[in-house]
2 protein chains.
Amino acid sequence: MTHRTVGHPAGLPDDPRAHVTAPSPECPVEITLAALQGRWTTLVIRELLRGDRSYSELRAALPALSDKVLSDRLAQLTRTGVVERHRRPGWPPRVHYALTPNGHRLGPVLQALWDWGTQTPLPVP
Amino acid sequence: MTHRTVGHPAGLPDDPRAHVTAPSPECPVEITLAALQGRWTTLVIRELLRGDRSYSELRAALPALSDKVLSDRLAQLTRTGVVERHRRPGWPPRVHYALTPNGHRLGPVLQALWDWGTQTPLPVP
DNA sequence: CTGAATCCCTGCCGATACTG
DNA sequence: CAGTATCGGCAGGGATTCAG
């Protein structure tokens with residue numbers, strides 16, 4: 001959502017996207033949130049941060065995740081440049097999924113999310 | 001979503017939430033994503049990172065944001081411990097919103113999201 | 001001024017069934 | 001094995017209107 005949150009530690013000196021007054025898909029914050037968006041997304045990324053996985057390995061690791069949503073998530077992550085598909089020719093079909101370099105850079109991002117969550121009491125519903 | 005993303009830099013040595021196999025509201029990553037969730041949320045936080053704001057100042061800063069969604073967001077952020085409300089007695093009613101200490105700690109989180117987004121090419125639709 | 005209540009519409013996600 | 005097709009329920013969010 002277009003931030004220049006605190007100081008200018010790492011962003012451009014005066015990025016115009018830091019001053020937008022409405023949600024914009026070009027804002028870096030929204031780009032990242034869009035990549036992480038959707039139920040199960042971060043769990044799939046977590047599995048792949050531990051190493052490459054085939055489709056069935058992902059299904060086994062996340063048993064409650066349906067085929068439809070799993071392939072949706074893998075397609076989304078492929079579109080957003082987080083994940084790469086690798087097809088092995090022959091039979092039976094074998095497809096491996098691996099994080100791209102960009103995908104690996106989500107490690108620190110998830111760590112930041114984890115850290116804030118551990119310092120925060122659960123909201124009282 | 002329950003991660004222990006890379007190594008154990010800051011999390012507990014063996015937090016069970018790092019191994020959950022389904023989305024869980026107790027996972028620190030999900031707690032944070034829930035706090036940031038929803039359209040306009042991060043823009044509201046950005047405004048408040050720049051300093052306290054009254055309701056009408058927030059409306060002026062984000063003109064395309066409707067009353068309903070603005071009060072929804074402020075209620076959500078209050079529930080999640082990010083924002084505090086301060087009513088000024090008297091007339092006309094004046095309400096100021098300010099980040100809590102926890103809210104200020106979202107600065108580095110948004111910075112991490114910003115940084116990843118700037119290193120990532122926009123997906124080709 | 002600062003919201004809450006209502007209505008409607010859209011898009012997500014889960015379940016099930018089917019294909020290369 | 002690795003997906004796609006289809007359907008339905010439900011929640012998110014925008015516009016408008018009403019209230020303290």
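When reading the values below, keep in mind they use all heavy atoms of this one structure, side chains included, and skip hydrogens, waters and symmetry mates. This is a predicted model, so every value here is computed, not measured. A, B, ... follow the sequence lines: proteins, then strands. Residue 1 opens every chain.
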Asker: Is B:Asp67 salt-bridged to B:Arg59, going by a charged N under 4.0 Å from an acidic O?
Answerer: yes
Asker: In this structure, how many angstroms lie between the C1' atom of C:dC13 and the CD atom of A:Gln76, rounded?
Answerer: 12 Å
Asker: Applying a 4.0 Å non-hydrogen cut-off, can you work out what A:Ser66 is touching in the nucleic acid: base, sugar-phosphate, or nothing?
Answerer: nothing
Asker: List the steps and the verdict of side chain to side chain contact (heavy atoms under 4.5 Å, CB included) for A:Ile45 and A:Leu110.
Answerer: CA-CA 9 Å; A:Ile45 295 171; A:Leu110 294 173; 3.8 Å; yes
Asker: Considering only side-chain heavy atoms of A:Pro93, which listed nucleotide, C:dC13, C:dG3, D:dA2, is closest?
Answerer: D:dA2
Asker: With sugar-phosphate meaning primed atoms plus P, OP1 and OP2, does B:Arg87 contact a base, only sugar-phosphate, or nothing at under 4.0 Å between heavy atoms?
Answerer: nothing
Asker: Heavy atoms from C-beta onward define the side chain here; which of C:dG3, D:dC1, D:dT4 lies closest to that of B:Asp67?
Answerer: C:dG3
Asker: If you find the nucleotide of DNA chain C closest to A:Gln37 and the one closest to B:Lys68, which residue's nucleotide is nearer the 5' end?
Answerer: B:Lys68
Asker: Can you tell me how far C1' of D:dT4 sits from CG of A:Leu70, to the nearest Å?
Answerer: 13 Å
Asker: Measure the distance from CG on A:Asp72 to C1' on C:dA15 and round it to the nearest whole Å.
Answerer: 13 Å
Asker: Nearest-Å distance, CG (A:Leu74) to P (D:dC1)?
Answerer: 16 Å
Asker: Which is true for A:Arg59 with a 4.0 Å heavy-atom rule: it touches a base, it touches only sugar-phosphate, or it touches nothing?
Answerer: nothing
Asker: May I have the distance from B:Glu57 (atom CD) to C:dC1 (atom C1'), rounded to whole angstrom?
Answerer: 12 Å
Asker: Could you check which of D:dA2, C:dG3, D:dG14 has an atom nearest any side-chain atom of B:Ser71?
Answerer: C:dG3
Asker: Nearest whole Å is fine: how far is D:dG3 C1' from A:Arg73 CZ?
Answerer: 16 Å
Asker: Using atom OH of A:Tyr97 as one end and atom P of D:dC1 as the other, report the distance to the nearest whole Å.
Answerer: 14 Å
Asker: How many whole angstroms separate atom CG of A:Leu43 from atom P of C:dC13?
Answerer: 13 Å
Asker: Counting heavy atoms from C-beta on, name the nucleotide in C:dG14, D:dT4, C:dT2 closest to the side chain of B:Tyr55.
Answerer: C:dT2
Asker: When we call it a touch if two heavy atoms are under 4.0 Å apart, what does B:Arg88 touch: a base, just sugar-phosphate, or nothing?
Answerer: nothing
